[in-house]
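Atom set for the values below is all heavy atoms of this structure, side chains included, hydrogens, waters and symmetry mates excluded. Computed from a prediction, not measured in an experiment: that's the story for all the values here.
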Amino acid sequence: MVILIVSSNEIMIFILLLLAFFIELRKLIIRQTNKFKNELKLEITKEVTREVIEDLKKKQKHS
């Protein structure tokens, strides 16, 4: 069994680095999620617009 002898300063630095890593990871996940949501909204908007245009064309033909 290996016993690591580290000072409390090293432990604090390690904990802070770990905390910084998880904060950055969280920011990245939020950014990617927002990007995905925006792309999804854009696709939905395009689809709805396409359907509205098709409906308008059908109505014009029947008029």
Side-chain angles (χ1 to χ4, degrees):
M1 187 172 130
V2 178
I3 298 173
L4 293 175
I5 300 172
V6 289
S7 69
S8 60
N9 284 348
E10 290 170 335
I11 293 172
M12 287 299 293
I13 290 170
F14 176 74
I15 290 171
L16 288 173
L17 285 173
L18 209 54
L19 185 62
F21 171 76
F22 281 113
I23 289 170
E24 288 301 315
L25 187 61
R26 182 176 169 269
K27 285 183 191 174
L28 181 66
I29 291 169
I30 290 170
R31 198 175 305 126
Q32 290 298 324
T33 303
N34 288 339
K35 184 179 173 187
F36 175 73
K37 284 181 188 174
N38 290 338
E39 289 173 358
L40 191 60
K41 286 178 188 174
L42 184 62
E43 284 301 312
I44 291 169
T45 304
K46 285 179 181 177
E47 188 62 33
V48 169
T49 305
R50 198 174 297 124
E51 289 175 6
V52 168
I53 291 171
E54 287 174 9
D55 286 350
L56 286 172
K57 285 180 179 178
K58 287 178 184 175
K59 287 181 181 177
Q60 280 182 344
K61 287 180 181 180
H62 291 298
S63 297

K.L.:
Going from CD1 on I13 to CG on L18, what distance comes out if it is rounded to the nearest 0.5 angstrom?
P.N.:
13.5 Å
K.L.:
Applying salt bridge (Lys or Arg N to Asp or Glu O under 4.0 Å), which residue pairs with at least one partner in residues 11-36 are found, sequence neighbours left out?
P.N.:
E24-K27
K.L.:
Tell me which donor-acceptor pairs under 3.5 Å the side chains of residues 36-47 have, and how far apart each pair is, sequence neighbours excluded?
P.N.:
{"residue": "N38", "atom": "ND2", "partner": "N34", "partner atom": "O", "Å": "3.4"}
{"residue": "T45", "atom": "OG1", "partner": "K41", "partner atom": "O", "Å": "2.8"}
{"residue": "E47", "atom": "OE1", "partner": "R50", "partner atom": "NH1", "Å": "2.7"}

K.L.:
For the hydrophobic clusters of this structure (ILVMFWY residues joined by side-chain heavy atoms under 4.5 Å, transitively), does one cluster hold both I11 and L19?
P.N.:
no
K.L.:
Quick check for you: to the nearest 0.5 Å, what is the distance between Q60 atom CD and K57 atom NZ?
P.N.:
9.0 Å
K.L.:
Atom CG in L28, atom CD1 in I23: separation rounded to 0.5 Å?
P.N.:
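Here the interatomic distance stands at 14.0 Å.
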